[in-house]
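Letters go in sequence order (proteins before strands), and every chain restarts at 1.
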Protein chains: 2
Amino acid sequence: MTVTLADVAARAQVSPATVSRVLNGNYPVAATTRERVLRAVDELDYVLNGPASALAAATSDLVGILVNDIADPFFGIMASAIQAEIGGPGGRAGGERLAVVCNTGGSPERELTYLTLLQRQRAAAVVLTGGAVEDAPHAAAVAAKLRKLADAGTRVVLCGRPPAPDTGAIALTFDNRGGGRELTEHLIGLGHRRLGYIAGPEERTTTRHRLEGHRAALEAHGITEDPGWTVHGRYDRQSGYEATLELLRRDPSLTAVVAANDSVALGACAALRDSGLRIPEDVSVAGFDDLPFSIDAVPSLTTVRLPLSEAGARAGRIAMGREEPPPGEIATIRGELMVRGSSGGPRK
Amino acid sequence: MTVTLADVAARAQVSPATVSRVLNGNYPVAATTRERVLRAVDELDYVLNGPASALAAATSDLVGILVNDIADPFFGIMASAIQAEIGGPGGRAGGERLAVVCNTGGSPERELTYLTLLQRQRAAAVVLTGGAVEDAPHAAAVAAKLRKLADAGTRVVLCGRPPAPDTGAIALTFDNRGGGRELTEHLIGLGHRRLGYIAGPEERTTTRHRLEGHRAALEAHGITEDPGWTVHGRYDRQSGYEATLELLRRDPSLTAVVAANDSVALGACAALRDSGLRIPEDVSVAGFDDLPFSIDAVPSLTTVRLPLSEAGARAGRIAMGREEPPPGEIATIRGELMVRGSSGGPRK
DNA sequence: AGCGTCACAGCAAGCGCTTTCTATCGGATA
DNA sequence: TATCCGATAGAAAGCGCTTGCTGTGACGCT
């Protein structure tokens, strides 16, 4: 029914071992023999049996990429960059690896299950992107899993995620705290003193770090934060819309709104407009990430640009063993403040 | 070193066969035995060897999702919906399947290679999303591959992609032609007579169908199209920006610009604004897809909404055998015209 | 001429699991 | 009490491939 290595061997009049060696190309095979084998492969339309190969060789060519939300360009862009480096087909040199993107939906359980699934497949490498959930037991479970993966020879890389000490994982971390601080300082510099903050979901490292940066900036400038100035929500547009309405309700005198990310900021803009407020004349708005659409918002969004593509590419190369891990196995990647039209001096 | 089935069996004092049966749960095992085995699995922290299992059982739990550009929300949204249904971990019932997203980058070769890789992994199902490349030899190669996959028992579903006759693939197709026509008719209805069109890359089914719809509308209303009114480009914002500038150069009297998709439309809006033109007073703009950010554009984008999530979910269910394929194995999914602020009557 | 050296090719032993077929055992039935 | 049957458990044969080790001629060296 299906063509096997043995069939090819028979056709080429060589042993299965030879066919295997031709296909894997890590053992001397005479040119004429190789030629003959290749022809047989072609004629028979042979396709290697992945599982069998992985079993025998005790390795597979699967590389897992875990993302929190594949529908979010933040992850899409990183995944794309990672995958480009992993190779998949068309990548640069190296064996062909199947880079697979796994969507955890931000759920700790799914994250764990995917890791198990990848472990089960004996993945060659795993890249985890984006913020982690801070729930202690879960974090411990993930750490344990990562260690096990690393021990089993799977290269583990964290991209845009805080380091996981003692797991053997390489971490490329975004400086969310620094970015958050810089952003808010920019606003304060413009004269804002009453700033609302729309945070992401609680218990997420990204959420916490950005918020900490924001608060550090406030504190550094002697601004006492009103507890009502912070609202938590999801990392999407709708959440930003609702949260902004809530902020306005709590304190109509706010002159600036800082959002957890660009999507949230867009929702905030919509809410402000719907409330009859002008941006930035009445209220300034700032986002985070600098996703492609942010520059097209009207006014264009002041935000912190994160080098998503570059970080992803680097993570991909490290996962493939094509680039040295950073010293200490941890690298911090800084964002860049992008001042655009959505931020300006406060009214009055 | 690694824990195997045999280790678990030894620990639980049963045969490997029994352990396997407990794990797969399709054979009667006494409750107490099962209990004992499960405990051993737990204590040993056993993880099934996927390749070995796939080899022995001649099936795997991998499901491939091919997308043209994972950084594009169009695909991200579909992939997300598909994956949610495939299960992956956390999906509803059914065995746990590893839904993997493969990024072809729109390249025919990579598409083919990914299909081979999935075939090699003996994937349980494959979902191909988005438009296909129209290059004849390539189309034939893909068709052949799909047939082979289907023959090997892999369920093949096309989502947002034209049918592939005689391949055994189920197709859920978007009515791009109808949507394109409706959109342009809306513009014509507003009084526009000189409409620019920014098409996607040539040789893509999606590009062609949308353009055909546009032209059908023009023709139906007796409008003779100027050859300079159409510009081809990529499906991204920058391309839209450049193409719009080009259109304006060719014919400054255009009163409307129809874009291949929303990202392109956003780029078009930016170019128009930068050229000192107001939307829609001077030029109306229309997009396609209705991605989440489209409603936040200023003015919000008139576009054709495609039920990406719904289609993806359905494709996922069909791929899992959880929903009946449509009669004739082909279903056409219509878009819905969303009239918003970016379209209005022409000036004068 | 004699023999170590290469360069290749084949043998065969698994890799860790699934699954068919074959026991086994405690009733239930006659 | 002898027989049969359903419910379980085990033995063992692979699944298709990789790879360490073992030939085996052809060469080149002394």
Side-chain angles (χ1 to χ4, degrees), chain A residues 1-38 40-41 44-62 95-96 117 119-124 152-153, chain B residues 1-38 40-41 44-62 95-96 117 119-124 152-153:
Chain A
M1 172 67 228
T2 32
V3 182
T4 73
L5 233 212
D7 299 331
V8 176
R11 171 124 196 170
Q13 316 221 56
V14 296
S15 73
T18 301
V19 177
S20 170
R21 298 203 258 247
V22 168
L23 263 24
N24 292 297
N26 46 328
Y27 192 88
V29 174
T32 64
T33 313
R34 168 193 314 282
E35 164 77 11
R36 199 143 35 89
V37 170
L38 256 17
V41 165
L44 259 31
D45 211 7
Y46 170 69
V47 175
L48 184 70
N49 182 317
S53 164
L55 172 58
T59 58
S60 90
D61 51 8
L62 222 61
E96 271 173 1
L117 244 32
Q119 180 184 6
R120 173 178 300 184
Q121 300 298 331
R122 305 299 187 254
Chain B
M1 171 72 226
T2 33
V3 182
T4 72
L5 233 212
D7 299 331
V8 176
R11 170 125 196 169
Q13 317 221 55
V14 297
S15 71
T18 301
V19 178
S20 170
R21 297 203 260 247
V22 167
L23 263 24
N24 292 297
N26 45 331
Y27 190 89
V29 174
T32 64
T33 312
R34 167 192 314 281
E35 163 77 11
R36 198 142 36 87
V37 170
L38 256 18
V41 166
L44 261 31
D45 212 6
Y46 170 69
V47 175
L48 184 70
N49 182 316
S53 163
L55 172 58
T59 58
S60 89
D61 50 7
L62 220 62
E96 271 173 2
L117 244 32
Q119 180 185 6
R120 171 178 303 184
Q121 299 298 330
R122 307 299 188 251

Heavy-atom closest pair (A/Pro51 atom, A/Asn49 atom, distance to 0.1 Å) is CD-OD1, 3.0 Å

Among residues 26-34 of chain A, which residues get a heavy atom nearer than 4.0 Å to DNA chain D? A/Tyr27

Heavy-atom closest contact (A/Val37 atom, A/Val8 atom, distance): O-CG1, 4.2 Å

Please evaluate residues B/Val22 and B/Leu38 with respect to the criterion side-chain contact (heavy atoms from CB on, under 4.5 Å), reporting the C-alpha separation (whole Å), side-chain torsions for both, the decisive distance (0.1 Å), and the verdict. CA-CA 8 Å; B/Val22 167; B/Leu38 256 18; 3.6 Å; yes

Compare every heavy atom of A/Tyr46 with every heavy atom of A/Leu5, then report the nearest pair and how far apart it is. N-CE1, 3.6 Å

Distance test, side-chain N/O of B/Ser20 to OP1/OP2 of C/dC17, below 4.0 Å: no

Atom CG of A/Leu55 and atom P of C/dC17: how far apart are they, to the nearest Å? 9 Å

Within the 4.0 Å heavy-atom criterion, would you say B/Ser53 contacts the bases, only the backbone, or no part of the nucleic acid? sugar-phosphate

Less than 4.5 Å apart, any side-chain heavy atom of B/Asp61 and any of A/Gln121? yes

May I ask you to list the residues of residues 11-18 of chain A, by number, that have any heavy atom positioned under 4.0 Å from an atom of DNA chain C? A/Val14, A/Ser15, A/Ala17, A/Thr18

Do you know which two heavy atoms are closest between A/Ala123 and A/Ser60, and how far apart they sit? CA-OG, 3.9 Å

Using atom CG of B/Asn49 as one end and atom P of C/dG14 as the other, report the distance to the nearest whole Å. 18 Å

Partner set under salt bridge (Lys or Arg N to Asp or Glu O under 4.0 Å) for A/Arg36, not counting sequence neighbours: none

Under 3.5 Å, side-chain donor or acceptor atoms of residues 28-35 of chain A against the rest of the protein: list the pairs with distances, not counting sequence neighbours.
none

Please report the distance, rounded to the nearest Å, between CZ in A/Arg21 and P in C/dC8. 12 Å

Table please: side-chain donor-acceptor pairs of residues 10-18 of chain A below 3.5 Å, with sequence neighbours left out.
residue: A/Arg11; atom: NE; partner: A/Glu43; partner atom: OE1; Å: 2.8
residue: A/Arg11; atom: NH2; partner: A/Glu43; partner atom: OE1; Å: 2.9
residue: A/Ser15; atom: OG; partner: A/Ala17; partner atom: N; Å: 3.4
residue: A/Ser15; atom: OG; partner: A/Thr18; partner atom: N; Å: 3.4
residue: A/Ser15; atom: OG; partner: A/Thr18; partner atom: OG1; Å: 3.2

Along DNA chain D, first and last positions that approach a heavy atom of chain A under 4.0 Å: D/dG16 to D/dC21

Kindly compute the distance separating CG (A/Leu117) from CG (A/Leu62), expressed to the nearest 0.5 Å. 10.0 Å

Can a donor-acceptor pair be found, under 3.5 Å and without considering hydrogens, that links the side chain of A/Asp7 to the backbone of A/Thr4? yes

